[in-house]
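These notes concern the structure reproduced below.
Per chain, numbering begins at 1; letters A, B, ... match sequence-line order.
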Protein chains: 4
Amino acid sequence: MTTRKNSGTTTTPAKRQRATSSGSASERRDHLVKLAAELFARKGFQATTVREIAEEAGILSGSLYHHFDSKETIVDEVLSTFLDDLIARYRAALDTSADARTVLSEMVRIGFGTLEPHRAAITVMQNDWNYLRQFERFNYLVKAEDEVEQIWVSQIKAGQAAGLFRSDVDPKLTYRMIRDTIWVAVRWFRPGGRLNTSGLAEHYITVLFDGLATGERTTQKG
Amino acid sequence: MTTRKNSGTTTTPAKRQRATSSGSASERRDHLVKLAAELFARKGFQATTVREIAEEAGILSGSLYHHFDSKETIVDEVLSTFLDDLIARYRAALDTSADARTVLSEMVRIGFGTLEPHRAAITVMQNDWNYLRQFERFNYLVKAEDEVEQIWVSQIKAGQAAGLFRSDVDPKLTYRMIRDTIWVAVRWFRPGGRLNTSGLAEHYITVLFDGLATGERTTQKG
Amino acid sequence: MTTRKNSGTTTTPAKRQRATSSGSASERRDHLVKLAAELFARKGFQATTVREIAEEAGILSGSLYHHFDSKETIVDEVLSTFLDDLIARYRAALDTSADARTVLSEMVRIGFGTLEPHRAAITVMQNDWNYLRQFERFNYLVKAEDEVEQIWVSQIKAGQAAGLFRSDVDPKLTYRMIRDTIWVAVRWFRPGGRLNTSGLAEHYITVLFDGLATGERTTQKG
Amino acid sequence: MTTRKNSGTTTTPAKRQRATSSGSASERRDHLVKLAAELFARKGFQATTVREIAEEAGILSGSLYHHFDSKETIVDEVLSTFLDDLIARYRAALDTSADARTVLSEMVRIGFGTLEPHRAAITVMQNDWNYLRQFERFNYLVKAEDEVEQIWVSQIKAGQAAGLFRSDVDPKLTYRMIRDTIWVAVRWFRPGGRLNTSGLAEHYITVLFDGLATGERTTQKG
DNA sequence: GATGAATGAGGGTTCATTCAT
DNA sequence: TATGAATGAACCCTCATTCAT
């Protein structure tokens with residue numbers, strides 16, 4: 001239920017480390033993380049230099065190392081903050097004990113709902129995950145991903161068992177497609193466009209559950 | 001209809017450049033591009049050094065510059081080769097003058113069908129596009145993307161006009177979701193698993209057109 | 001007779017500076033010097049960071065600068081403390097007005113006798129002297145060294161004049177060899193081994209005065 | 001009999017690596033090593049920057065990495081070259097099957113004989129060994145040292161068994177003192193002074209075997 | 001005295017690229 | 001075509017030191 005390999009049950013190590021800092025120190029740190037996240041999202045993790053991050057904060061690059069061990073530590077905090085929040089939201093949705101379709105709808109809404117507050121983190125995860133995963137320190141991300149997958153897959157299976165979902169689809173595969181569809185939207189979604197994230201969610205829920213077709217015809221090609 | 005900003009109508013500049021080379025030289029070049037593509041896909045464009053590419057080919061890094069002007073030229077060739085092929089396939093599907101649902105299904109199949117032969121290129125496009133787009137030379141990729149978008153959106157609209165597709169969905173949005181769902185699959189799809197790309201396509205077509213729900217219930221919206 | 005270039009006759013500047021501090025402040029300072037000396041000895045002067053010294057003392061690196069102007073000041077104190085003590089001991093030995101061999105023996109014993117109480121300082125002097133001497137502030141160390149050399153050389157010459165020492169050896173050269181043999185022992189001497197420093201001294205005195213050979217044979221090769 | 005942990009029997013890995021290079025490449029490399037050795041000796045390993053080494057060679061610092069993996073690799077080559085030569089010389093001396101005193105004398109001469117050709121390497125070993133040994137890659141230096149120690153100690157013991165050397169001295173301790181006395185001379189020995197290294201050797205051999213005392217008196221210990 | 005944020009200079013190293021051979 | 005030496009700019013990071021609090 002946590003996002004870090006060596007963590008306890010409810011908090012990531014990063015979060016715990018953060019908590020040990022004094023209030024204002026933590027605020028400064030959080031601010032720096034936010035600035036860095038924006039840069040990582042815009043230019044990519046590797047293409048963002050520590051000098052740029054520092055410049056954005058109005059300090060020198062060396063000064064960043066008063067707050068963080070390394071560039072990796074910064075992106076780590078970006079990602080784990082997001083995952084902590086995401087998983088917490090999912091858990092809350094599960095606690096409602098509604099039927100599978102309702103829960104799944106809510107989870108879709110949660111997913112799209114993170115698009116704005118965690119836009120930068122999600123973008124980093126989409127673009128730089130392939131690079132970051134080669135570092136052992138980010139193994140915990142895989143674990144978090146697995147946990148999320150289990151949550152989704154069990155709901156899909158429950159829906160199938162209850163006769164709510166068609167039984168001829170693969171739960172794991174279906175989860176992956178839903179997940180990807182939601183997160184990849186971060187690439188083109190911009191606040192202020194035709195639809196807000198809530199509209200996006202409803203749009204997707206409609207297509208997801210009821211399909212694109214009207215049922216007028218059932219032509220299909222092998 | 002082409003993938004390069006400064007190209008003519010049917011061939012990318014990269015392709016034309018390639019064509020000017022002698023047969024065996026072109027083969028050597030293609031081989032190098034293929035090796036590079038694999039590395040780009042595995043480690044990311046930025047994280048892959050020209051030294052590594054050269055090493056993989058059994059030559060020294062400086063020697064690569066007899067074949068390519070720059071590292072960017074290599075990845076350019078990787079991407080444009082893929083896009084050339086993709087667009088050509090789409091065009092063929094459009095020529096069938098079948099109904100919108102049939103055409104759209106075929107286009108989904110085409111998309112999934114590129115997952116294996118163009119795995120590396122698609123991976124690079126997914127992971128490194130955000131970085132590469134900042135270089136002017138890759139502007140043509142945006143144009144190619146726009147062209148593809150138009151192909152899809154017009155089919156969706158045609159389907160709606162024909163009463164085949166529900167009219168309460170946004171064509172552009174729907175296209176994006178379909179597109180993302182297909183391409184992102186490259187991240188987890190591995191040949192030899194439960195489903196091949198053809199199976200993946202049918203699975204997705206089912207959910208896409210007819211929805212996940214069985215219709216047993218019409219429970220709600222949050 | 002003193003160890004600092006700009007000092008008076010009997011005390012080093014460092015000592016004087018120390019003396020001006022209040023009792024407990026001086027104790028704190030001495031403690032910090034001792035901690036630093038250990039680190040310098042173990043890791044080398046350059047490789048030891050002020051952060052490490054401060055950490056060892058349970059404070060932050062910036063706080064060290066309430067006690068010392070600079071890192072060099074700390075090592076200065078380490079070295080001058082040792083030299084002050086050494087020269088004081090030599091002087092005492094000279095006051096006995098015994099014959100040259102007795103005095104020289106005593107000086108060897110004094111040298112080995114500093115190995116334990118001044119282990120760290122001697123180690124620093126052996127390993128980091130080459131680096132430290134480039135700073136003008138450590139010029140006084142050369143002067144102290146010269147003073148010590150004069151003490152030894154005059155004793156050796158006196159011994160030769162009195163017919164106690166063979167006259168075919170170079171006094172200065174002999175001094176250097178004795179000196180080096182004693183101090184370099186700090187590299188391998190560990191308290192608690194077969195011989196204590198006193199045993200080491202006697203062992204060396206034996207070989208030094210009477211030679212390794214038994215006299216049984218006088219084979220020699222050019 | 002070799003100076004590297006993972007080496008075969010007669011050559012160090014460094015040497016083998018060097019040998020694989022073409023003639024002129026090796027020469028360039030050797031030249032760079034020589035320049036670096038001088039700087040290391042003069043300023044210390046840590047205080048010498050790669051930029052300084054490169055400047056000395058008239059190239060840029062980055063260019064050094066065309067020849068060496070790292071700064072450590074350079075100093076490694078400096079030290080192993082010296083040790084290879086030293087051990088080879090010792091072996092040759094042992095092959096003469098002369099009596100222990102003769103062999104030991106020869107080994108002292110060998111030691112002093114390296115002072116000039118290997119001055120830089122010996123200086124580095126004296127001053128920076130304490131720092132370098134913390135890196136695993138230099139473990140082989142300890143092994144080389146052990147090998148040398150065995151050569152010496154066995155000769156001293158042989159001399160004692162043959163009644164040539166006094167039996168009341170500790171072989172290991174005696175070796176260490178001899179070793180230190182020879183090598184530390186690098187600190188003050190300058191070619192062109194009163195004595196050349198050959199003179200130094202004979203001087204030391206005299207004192208070592210026959211002692212400083214004339215035998216006129218046997219006063220001992222205060 | 002101590003803190004902690006920041007400085008500023010520099011360190012070792014990387015890497016795409018060039019070019020004479 | 002390929003080599004290999006070199007470039008030059010940039011990168012992440014370190015560290016002694018300062019100073020307002």
Answer yes or no: is there a donor N or O on one side and an acceptor on the other, between the side chain of B/Asp128 and the main chain of B/Gly44, under 3.5 Å?
no

Without swapping roles, check the side chain of C/Ser61 against the backbone of C/Ala54 for a donor-acceptor pair under 3.5 Å.
no

Can you work out whether D/Gly58 or A/Ser70 has the more 5'-proximal nearest nucleotide on DNA chain F?
D/Gly58

Rounded to whole Å, please give me the gap between CD in B/Glu52 and C1' in E/dA16.
13 Å

Checking contacts here: which listed nucleotide (E/dG12, F/dA16, E/dT17) is nearest the side-chain heavy atoms of D/Thr49?
E/dG12

Could you tell me how far apart A/Leu64 (CG) and E/dT7 (C1') are, to the nearest whole angstrom?
13 Å

Which atoms form the tightest heavy-atom contact between A/Phe138 and A/Glu72, and what is the distance?
CZ-O, 3.7 Å

Side chains of B/Glu77 and B/Asp30, heavy atoms from C-beta outward: is any pair under 4.5 Å?
yes

Could you tell me whether the side chain of C/Ile53 reaches within less than 4.5 Å of the side chain of C/Thr48, counting heavy atoms only?
yes

With no angle test and no hydrogens, is the base of E/dG12 tied to the side chain of D/Arg51 by a donor-acceptor pair under 3.5 Å?
yes

Between atom NE2 in D/His67 and atom P in F/dT3, what is the gap in whole Å?
17 Å

D/Phe68 and side-chain contact (heavy atoms from CB on, under 4.5 Å): which single residue from D/Val75, D/Thr73, D/Asp76 fits?
D/Thr73

Do the side chains of D/Phe40 and D/Lys71 get nearer than 4.5 Å, heavy atoms only?
yes

Between E/dT13, F/dA2, F/dA16, which one does the side chain of B/Ile59 approach most closely?
F/dA2

Between P of E/dA16 and CD1 of B/Ile74, the distance in whole Å
10 Å

Rounded to the nearest Å, what distance is computed from the CG atom of residue B/Leu39 to the C1' atom of nucleotide E/dC15?
16 Å

Measure the distance from CG on D/Asp76 to P on E/dG12 and round it to the nearest whole Å.
17 Å

In this structure, how many angstroms lie between the P atom of E/dG12 and the CD atom of D/Gln46, rounded?
10 Å

Atom NZ of D/Lys71 to atom C1' of E/dG11: distance rounded to whole Å?
8 Å

Would you say D/Ser63's side chain and D/Ile59's backbone share a donor-acceptor pair under 3.5 angstrom?
no

Output yes when at least one side-chain N/O atom of A/Arg28 is less than 4.0 Å from OP1 or OP2 of E/dG4, else no.
no

What contact category does D/Leu60 fall into here, base, sugar-phosphate, or nothing, at under 4.0 angstrom with non-hydrogen atoms?
base

What would the secondary structure line of DNA chain F be in dot-bracket form, counting Watson-Crick and G-U wobble pairs under 3.5 Å, with [ ] for pairs that cross earlier ones and | for pairs with another strand?
.||||||||||||||||||||

So, is the end of the C/Lys43 side chain (NZ or CZ) under 6.0 Å from the ring centre of D/Tyr131 and within 45° of the ring's axis?
no

Quick test: give all pairs of protein nitrogen or oxygen and nucleotides 18-21 of chain F nitrogen or oxygen below 3.5 Å, distance rounded to 0.1 Å.
none

